[in-house]
Participant: 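Here you go, one structure.
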Number of protein chains: 2
Amino acid sequence: MVHYQPVDRTFGALADPTRRVVLERLGRGSATISELAEPSGMTLTGMKKHVRVLEEAQLVVTVKVGRTRLCHLGPRRLDDVREWVDIYRQMVNEQLDRFGELLDRTKGEPH
Amino acid sequence: MVHYQPVDRTFGALADPTRRVVLERLGRGSATISELAEPSGMTLTGMKKHVRVLEEAQLVVTVKVGRTRLCHLGPRRLDDVREWVDIYRQMVNEQLDRFGELLDRTKGEPH
DNA sequence: CTGATAGTGAACCATCAGGTTCAGTATCGC
DNA sequence: GCGATACTGAACCTGATGGTTCACTATCAG
């Protein structure tokens with residue numbers, strides 16, 4: 001563990017397929033914990049945990065409405081991911097040429 | 001667990017700060033396991049594991065050269081992330097208006 | 001050949017993550 | 001008020017993850 005960074009949470013939150021499904025569902029409109037849990041047959045408690053993770057990553061915002069909790073997509077943190085991916089992609093492009101050269105060199109060598 | 005998807009590995013690999021540091025390092029040029037491990041003081045075995053994760057996510061490619069293993073950035077999988085982020089971002093934009101309306105509505109309600 | 005170097009794999013350990021059950025609490029509908 | 005509903009939190013279980021040590025193999029330099 002190098003050091004804590006918000007982007008950790010973002011990537012971590014996105015790494016779970018259940019949570020990506022939740023985000024996709026919320027992309028079609030707000031939903032309660034029950035509504036999010038129902039399709040997968042997960043318990044409310046389990047889904048609540050996922051929603052919490054998404055909330056901490058600021059990918060989702062929730063509002064308690066009566067006895068239900070309405071969940072919506074949140075606006076933030078995606079910039080972190082986007083920025084990182086862009087930087088990374090740039091690095092890849094810069095490296096690819098050298099990598100190709102290296103492959104060509106090592107190809108000729110005995111292993 | 002909904003179902004396995006390659007993008008899981010990608011996000012999972014990116015979720016660890018140590019691994020992102022490795023990717024950034026490789027962005028400045030190829031490196032051996034030792035060279036990757038040295039800055040953080042991690043054991044070679046530990047770093048090897050991280051490199052393996054990055055390899056499985058196809059974010060990194062390695063070549064055994066003599067007794068060293070050269071690691072380079074890999075070209076793939078980033079498209080998965082990029083695509084997902086773009087879709088997600090589009091959803092967010094579509095939702096933001098409705099979310100704003102909802103906030104306005106609930107604001108007036110007694111809690 | 002020989003010692004030092006670089007990596008590897010197995011085994012182990014501690015912590016975290018995803019999930020459950022169960023026992024609340026708060027709210028809704030009547 | 002009262003039962004049903006929706007969520008919440010604590011406690012617990014299991015498997016994965018991040019890391020180590022240790023013994024071993026392969027290669028390099030001389």
Participant: Determine: side-chain N/O of B/Arg19 to OP1/OP2 of D/dG18, distance under 4.0 Å, yes or no.
Facilitator: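 Yes, because at least one side-chain N or O of B/Arg19 sits under 4.0 Å from OP1 or OP2 of D/dG18.
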Participant: Within this structure, what is the CG-CZ distance for the pair B/Leu59 and B/Arg20, rounded to the nearest 0.5 Å?
Facilitator: 12.0 Å
Participant: Of the nucleotides C/dT8, C/dT21, D/dA6, which one has an atom closest to the side chain of A/Leu44?
Facilitator: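 Given the options C/dT8, C/dT21, D/dA6, the side chain of A/Leu44 is closest to D/dA6.
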Participant: Heavy-atom nearest nucleotide on DNA chain D for B/Val53 versus B/Gly66: which residue maps closer to 5'?
Facilitator: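 The residue mapped nearer the 5' terminus is B/Val53.
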Participant: If you assign each of A/Gly12 and A/Arg67 to its closest nucleotide in DNA chain C, which residue comes earlier from the 5' end?
Facilitator: A/Gly12
Participant: Rounded to the nearest 0.5 Å, what separation is found between the NE2 atom of B/His50 and the CG atom of B/Leu23?
Facilitator: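 Nearest 0.5 Å value for the NE2-CG distance: 11.5 Å.
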Participant: Check for a donor-acceptor pair, side chain of A/Arg19 on one end and backbone N or O of A/Leu14 on the other, with a separation under 3.5 Å.
Facilitator: no
Participant: Any donor-acceptor pair under 3.5 Å linking the side chain of B/Arg69 with the backbone of B/Lys48?
Facilitator: no
Participant: Between atom CE in B/Met42 and atom P in D/dT21, what is the gap in whole Å?
Facilitator: 12 Å
Participant: Backbone N or O of A/Val53 within a donor-acceptor pair of the A/Arg9 side chain at under 3.5 Å?
Facilitator: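 Pair absent, no side-chain N/O of A/Arg9 close to backbone of A/Val53.
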Participant: In a check of side-chain contact (heavy atoms from CB on, under 4.5 Å) between A/His72 and each of A/Val63, A/Val60, A/Leu26, A/Thr62, which one passes?
Facilitator: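 For A/His72, the side-chain contact (heavy atoms from CB on, under 4.5 Å) test succeeds with only one of A/Val63, A/Val60, A/Leu26, A/Thr62, which is A/Val63.
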Participant: Indicate whether OP1 or OP2 belonging to C/dA6 is found under 4.0 Å from a side-chain N or O atom of B/Thr68.
Facilitator: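 So the side chain of B/Thr68 is outside the cut-off, no N or O lying under 4.0 Å from OP1 or OP2 of C/dA6.
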Participant: Calculate the interatomic distance between B/Arg9 atom CZ and D/dA16 atom P; express it in whole Å.
Facilitator: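 Whole-Å distance recorded here is 13 Å.
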Participant: Could you tell me the separation between the CD atom of B/Glu35 and the CZ atom of B/Arg25, rounded to the nearest 0.5 Å?
Facilitator: 6.0 Å
Participant: Looking at B/Arg69, does any N or O in its side chain come under 4.0 Å of the phosphate oxygens OP1/OP2 on C/dA6?
Facilitator: no
Participant: In this structure, how many angstroms lie between the P atom of D/dT21 and the NZ atom of B/Lys48, rounded?
Facilitator: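 That distance rounds to 17 Å.
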Participant: Dump the pairs, protein N or O against N or O of nucleotides 11-13 of chain C, anything under 3.5 Å, distances to one decimal.
Facilitator:
none

Participant: Less than 4.0 angstrom between a side-chain N/O of B/Lys64 and OP1 or OP2 of C/dT8, yes or no?
Facilitator: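 Yes.
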Participant: Separation of A/Leu14 atom CG from C/dA17 atom P, in whole Å?
Facilitator: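 About 15 Å, once rounded to whole Å.
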Participant: In whole Å, I'd like the distance from the CE atom of B/Met47 to the P atom of C/dG9.
Facilitator: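 These atoms are roughly 17 Å apart.
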Participant: Nearest to the side chain of A/Ile33, heavy atoms from C-beta on, is which of C/dT27, D/dT8, C/dG19?
Facilitator: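 Comparing C/dT27, D/dT8, C/dG19 against the side chain of A/Ile33, the answer is D/dT8.
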Participant: Report the distance from atom CD of A/Glu35 to atom C1' of D/dT5, rounded to the nearest whole Å.
Facilitator: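 In whole Å, D/dT5 C1' and A/Glu35 CD are 13 Å from each other.
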Participant: What is the distance from NE2 of A/His50 to P of C/dA17, rounded to the nearest Å?
Facilitator: 12 Å
Participant: Measure the distance from CG on A/Asp16 to P on D/dG15 and round it to the nearest whole Å.
Facilitator: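 Rounded to whole Å, this separation is 17 Å.
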